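Here is the structure we will look at, set down as structure tokens.
Both ligands and their constituent atoms are indexed starting at 1 by order of listing. If you're wondering where the values come from, they're calculated on a predicted model, not measured in any experiment.
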Amino acid sequence: MPSPETFADIAPDLIRFLVETQGRTPIRPYQPPGDMEGDIPGLEEDGQDLDTIAAELRDIIEHTPCTNGPAFFNQLFGGRDSAAALGEITASLLNSSMYTYKVAGPHALIERRLIDHMGAKIGWNDCDGIFNPGGSLSNLVGAMLARSSTFPQAREEGMSGCRGTIYTSSEGHYSIVKNASIVGVGRANVRHITTDREGRMDPNALLHQIEEDRRAGFTPMMINATAATTVMGAFDPIEPLADIAGYQNIWLHVDGAFGSSLLLSPKYRDRLTGIEKADSVTWNAHKMMGVPMHCSVLITRHKGMLREHIGEGADYLFQTETDDVNFGTRSIQCGRRNDVLKLWAAWRFHGDRGYAARIERQMDLVRHCVQIIEDDPAMVLSTDPQSLTVCFEVASRSSRAICDELDRRGLAKVGHGIVNGRRVIRLVCINPNQTAADFDTFFCHVRDIAASLPDADNDVEAVKVSLSV
Ligand code: ABU
């Protein structure tokens, strides 16, 4: 076994190498999976020494897409926050597990402090919560609480005879559908409520569907309001949805994985007006708050419900302290990695005010991109952005082909999505390491590539028909 001294010598060198390499070549040349496969060392009967592993890690670093670079616009995360990265590295080396205070020590108290602080931003003075590995699982915990609230017998007896329904907008995240199958509601009983052209759920359509379902013998179980949808970044109108949920006695979950962070900005927090009336909220700090993947929390205003409806006893585990600091008593996981130290470190560094400034700067960059698109007669803005995604297309050019070609030529990573029946480029402006000049460069590349492509249609139905003939 290598001595700890060897590890302590090698680790800083490796970190320095990573940071310098990413600074030198922030955009990695595209390599098809078939080519890369042969470059990854295989697993063998005999092990290697630590220096060999460090050399192989260097090689892997050099081939990894650079998500903090100036040309990464592909996902709802990006950039590197130094304070958060220090917290992440520390947590990894400490190797705690977050089920008990006995094992996690101060980290359990940090988890509670973060939940209290984030809950206060929502408008809750006394709340409960749990960090989960990603927004999909935070949404799952929300759906489990909704099920317990609507069908209290379900935890013990299952969902036999329960005909629950879940409501989300047609732009809602796909985890809502996955989770419907997991909690026993069934995918077929998820109602996709229509939106306006800006991607916001129509409350009248929701009410109409709920009433129709009740007449058909269903029991509405959860309304999911999305606070910043994945493609358009749209905010469902939480206040009217909360009124419907209250009047109809239905659990209201806000999937704010992407958009809850706007609560930190005095300028933009009104996009979430009414969120304090929700029963549960998902909030991903690995998106707008720039904390390394992943860092997601489910917060509920119903204190004690997580423990009551998710907790199980485990004599071998919960041996000291109280449930209050033994977070394993309200998690769907047993072993759970420490996702809180990095967020605590980042929040200590930025403060509430620093985070507000950071988010508002990104919103300014969004306006910069909108201006570029509006000034170019060949480009079409799909919707007026409500958060940190800008959706657009180039007239008569395939959005998919533009994204693929940008990647293949090693110019930028950016994805596409569907907006109002058209395939559009989704440009994500979430990385605080990027500047207006990086976006200017991006649009230059888009224009060059568009000029080299043939005419094409982005109408999703028309493309489907042309492919099927
Ligand atoms: N919540 C998943 C987001 C995936 C994406 O970046 O589009």
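Separating the CG atom in D339 from the OG atom in S296 is a distance of 8.5 Å, to the nearest 0.5 Å.
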Legend entry - Test log, rule ring pair (Phe, Tyr, Trp, His ring centres under 6.0 Å), inputs H107 and W344: CA-CA 10 Å; H107 305 279; W344 174 84; 8.8 Å; no
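Between V414 and F442, the closest side-chain pair of non-hydrogen atoms falls below 4.5 Å. Here the side chains of K413 and L406 are not in contact, with every heavy-atom distance at 4.5 Å or above.
For ligand 1, the protein residues placed under 4.0 Å by at least one non-hydrogen atom are Q75, L76, H173, T230, K287, R426.
A salt bridge does not link E393 with R426: every distance from a Lys NZ or Arg NE/NH1/NH2 to an Asp or Glu carboxylate oxygen is 4.0 Å or more.
Residues forming a side-chain contact (heavy atoms from CB on, under 4.5 Å) with Q209 (at least two apart in sequence, or on another chain): Y167, R191, I193, E212, D213.
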